[in-house]
Amino acid sequence: MRSRLRTVGSDRAVSRRRKALAGRGAVSWGGAMRRSQELFDRAQRYIPGGVNSPVRSFRSVGGTPPFIVRGRGAYVTSADGRRYLDYLGSWGALLLGHAEPSVVRAVRRAAQRGTSFGAPTPGEVELAQLITRLVPSIDQVRLVNSGTEAVMSAVRVARAATGRDLIIKFAGGYHGHADHLLVDAGSGAASLGVPSSAGVPSRVAGLTLVVPYNDSKAVRRLVHRHHGKVAAVLVEPIAGNMGVVPPQDGFLRGLRVLCDAERALLIFDEVITGFRVALGGAQALYGVRPDLTCLGKIIGGGLPVGAYGGRRDLMSRVAPSGPVYQAGTLAGNPVAVAAGLAMLQRLVADPPYRRLEHLTLQLCRAVEREAQRAGVSLVAQRVGSMFTWFMGERPPRNEQDVRATDAARFSQFFHAMLAEGVYLAPSPFEANFLSTAHGDREVERTIRAARRAFRNVRG
Ligand code: PMP
């Protein structure tokens, strides 16, 4: 494990970066962001780094994050009164956009009946049944409060079922912040330059083996070297936490075959991709059936929900049916479940996937064209409505390729877009998301913004 914690954003470095960005006119530190700046200054006194999740801090792009006070449809409004066209979508959770009326109605109704009981509620049964209907590999599902919990618990089930300890994950894959999964992790850990975390015992991290994404041979070699000891291969079927990197042809299928041969379990972490790329998730899109699946984000409709599920013989090992302990005071919370149900019911009634795919394709192609015209090297990677604009010449296949893209140029582009009122994920190593509230008008607006933004980006 690399346990070195590299502090990328020392205060002096951050302040230097701020000045440089302000000098380029990319960020307004004056009136336009005054309220957010005040809030951020105050936040930093009371909350580590001023945020409750690292990547919100803008450390990897520099500058002050706008504090958001409300959202509607495809737009959010900051405490400074600025309106942004939003491609963050609460990191993918908001497939129907902000404050979608049916979700808000469901939340209000549920809250009026009581916010938590710590006892079973009918909504949980309905949500679990719907998930198992939509994702055929899931016979039984357990609701938890976050993606982190979902993956942590799925790994525990895999270890219990196989009687083995080792886990294989992919470099740049992020699966939440459980000790054994913070090894060569993407997302905030990638953008902070913290490949793993301080405080993770090396003996724990040593149980997690890491290989490059999309490298079937490397996985095979690793599994053979540790023959009989690998409990599970854990993968984001479409990598999202190093930016969007799709699986190459046969990669996921190869993992399935390998796991079967080695009697290891295949765990798909579909916290991002579940209900994002298809109703049945990435596993439906690529036709590969995992043993266990982790879900989050969309199934909570913007409230905190995660889930893990899979084959009945595996899930029946979970307490109280079996010996794998996992619990939660607020798990299956009635308000969160109501939001998730409302969201999934809308998706079932009117699946938006084809339209979203078309719109995202249009957006990505047009922005690539604009970049080309401006002499800026940019490649779009996309699956369905999730995309990343990498500042480079070639489509990245793995974390190493991603890290070779130009992060400094991405920061320029990011801030130029923000100044144009377009809010992208604040890191070169993250996915952006469209929602059903995005339409042609939003796409055209983004293309125009990008055209102007490229003038502030050095090719
Ligand atoms: N797995 C994946 C693929 C994720 O993208 C994330 C969060 N971005 C997680 C797990 C962890 O989820 P949470 O932040 O809800 O704990």
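When a residue number appears, it is its place in the shown sequence, counting from 1. Remember, it's a predicted structure, so these values are computed and weren't measured experimentally. Order of listing sets the numbers, starting from 1, for every ligand and every atom in it.
- Side chains of Gln326 and Arg142: a donor-acceptor N/O pair is present below 3.5 angstrom, by distance only.
- Among Glu442, His438, Arg70, Arg83, the one residue that satisfies the side-chain hydrogen bond (donor to acceptor under 3.5 Å, both in side chains) test with Tyr75 is Glu442.
- Of all atoms in ligand 1, listed by their number and element, those nearer than 4.0 Å to a heavy atom of Asp269 are 1 (N), 2 (C), 3 (C), 10 (C).
- Only the side chain of Lys297 comes within 4.0 Å of ligand 1, judged by heavy-atom distances.
- Taking a 4.0 Å cut-off on heavy atoms, Tyr174 registers as neighbouring ligand 1.
- Closest to atom 5 (O) of ligand 1 by heavy atom, among Leu181, Asn241, Val305, Leu295, is Asn241.
- For ligand 1, the atoms sitting less than 4.0 Å from at least one non-hydrogen atom of Ser146 are 15 (O), 16 (O), numbered in the order shown with element in parentheses.
- Checking only distances, Ile272 never comes within under 3.5 Å of ligand 1, N or O to N or O.
- Taking every heavy atom of Gly147 and a limit of under 4.0 angstrom, the matching atoms of ligand 1 come to 11 (C), 12 (O), 13 (P), 15 (O), 16 (O).
- Ligand-side atoms of ligand 1 in range of Gly176: 9 (C), 10 (C), 11 (C), range being under 4.0 angstrom from any heavy atom.
- Ligand 1 lies out of reach of Glu149, whose nearest heavy atom is not under 4.0 Å from it.
- Distances between N or O atoms of Glu236 and those of ligand 1 include no value under 3.5 Å.
- One N or O on the side chain of Ser78 and one on the backbone of Arg82 form a donor-acceptor pair closer than 3.5 Å.
- In summary, of the residues considered (Val379, Thr405, Leu378), a side chain to side chain contact (heavy atoms under 4.5 Å, CB included) with Trp389 occurs for Leu378 alone.
- The side chain to side chain contact (heavy atoms under 4.5 Å, CB included) check on Asn214 picks up Val245, Pro247, Gln248, Phe251, Arg397, with sequence neighbours excluded.
- Nearest to atom 11 (C) of ligand 1 by heavy-atom distance, out of Thr148, Asn145, Thr273, Val235, is Thr148.
- Of the possible polar contacts, one joining the Ser36 side chain to the Phe67 backbone as a donor-acceptor pair under 3.5 Å is found.
- Using modelled atom types, one finds no donor on one side chain facing an acceptor on the other under 3.5 Å when comparing Gln129 with Thr132.
- A side chain to side chain contact (heavy atoms under 4.5 Å, CB included) with Arg355 holds for exactly one of Thr360, Thr436, Leu434; it is Thr436.
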